[in-house]
Amino acid sequence: EGELDCHPTQESLQQVFDVLQGNVLTAETTINVMTDPDALILIDVCDSRKSVKAAVKERGLQLAEDHATTEEAGEN
């Protein structure tokens, strides 16, 4: 619902296609090293596999936690 601006890098976009075209194990491995939240959003929207969606959610939470930790360290 609504619009979302996504600006994935060329490398991230390639990772999105690798995930969409690969098997579940390959997809999960690729997702676990991704750092672009926009690419994770694209995968979540485009891939209906439950295990892939779970991997995207977990990786997104990790990135958010890392971001919060980095911001907190910058404030000190």
Side-chain angles (χ1 to χ4, degrees):
E1 186 99 17
E3 293 182 19
L4 175 68
D5 282 335
C6 283
H7 303 282
T9 64
Q10 185 174 357
E11 180 182 340
S12 295
L13 199 53
Q14 181 60 54
Q15 288 177 315
V16 169
F17 285 107
D18 290 345
V19 167
L20 295 176
Q21 294 175 342
N23 63 40
V24 172
L25 182 58
T26 302
E28 290 174 346
T29 302
T30 301
I31 290 166
N32 287 333
V33 297
M34 294 179 75
T35 58
D36 186 345
D38 287 344
L40 291 172
I41 291 169
L42 289 173
I43 293 169
D44 189 53
V45 169
C46 296
D47 200 315
S48 63
R49 297 175 286 183
K50 288 180 183 181
S51 58
V52 171
K53 286 191 171 289
V56 166
K57 181 178 180 180
E58 182 178 329
R59 184 63 180 152
L61 291 172
Q62 289 172 348
L63 291 177
E65 184 178 298
D66 290 348
H67 181 72
T69 302
T70 302
E71 280 189 350
E72 186 177 292
E75 291 176 2
N76 293 333

Please report the interatomic distance [atom1]([X]) to [atom2]([Y]), rounded to the nearest 0.5 Å.
| X | Y | atom1 | atom2 | answer |
| --- | --- | --- | --- | --- |
| Asp66 | Leu61 | CG | CG | 11.0 Å |
| Leu42 | Leu13 | CG | CG | 7.0 Å |
| Gln14 | Thr9 | CD | OG1 | 10.5 Å |

Minimum heavy-atom distance between Ala55 and Ile31, given as atom pair plus value: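 Shortest heavy-atom contact: O-CG2, 3.5 Å.
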Taking every non-hydrogen atom, the tightest pair across Ala27 and Val52: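 So the two residues come closest at CB-CG2, 4.0 Å.
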Those residues that, when tested against Thr26, pass side-chain hydrogen bond (donor to acceptor under 3.5 Å, both in side chains) (two or more places apart):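 With sequence neighbours excluded, Thr26 shows a side-chain hydrogen bond (donor to acceptor under 3.5 Å, both in side chains) to Asn23, given in chain and number order.
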Contacts of type salt bridge (Lys or Arg N to Asp or Glu O under 4.0 Å), residue Asp47, not counting sequence neighbours: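 Partners of Asp47 under the salt bridge (Lys or Arg N to Asp or Glu O under 4.0 Å) test: Arg49.
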Set of salt bridge (Lys or Arg N to Asp or Glu O under 4.0 Å) partners for Lys53, sequence neighbours left out: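 Per chain and number, Lys53 pairs via salt bridge (Lys or Arg N to Asp or Glu O under 4.0 Å) with Asp44.
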Set of side-chain contact (heavy atoms from CB on, under 4.5 Å) partners for [X], sequence neighbours left out:
| X | result |
| --- | --- |
| Ala39 | Ser12, Val16, Met34, Asp36 |
| Gln62 | Glu58, Arg59 |
| Leu4 | Cys6, Ile41 |

Phe17 with Leu40, same ILVMFWY side-chain cluster at under 4.5 Å: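 In one cluster: yes.
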Inter- and intrachain pairs under salt bridge (Lys or Arg N to Asp or Glu O under 4.0 Å), touching residues 9-29, at least two apart: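 Qualifying pairs: none.
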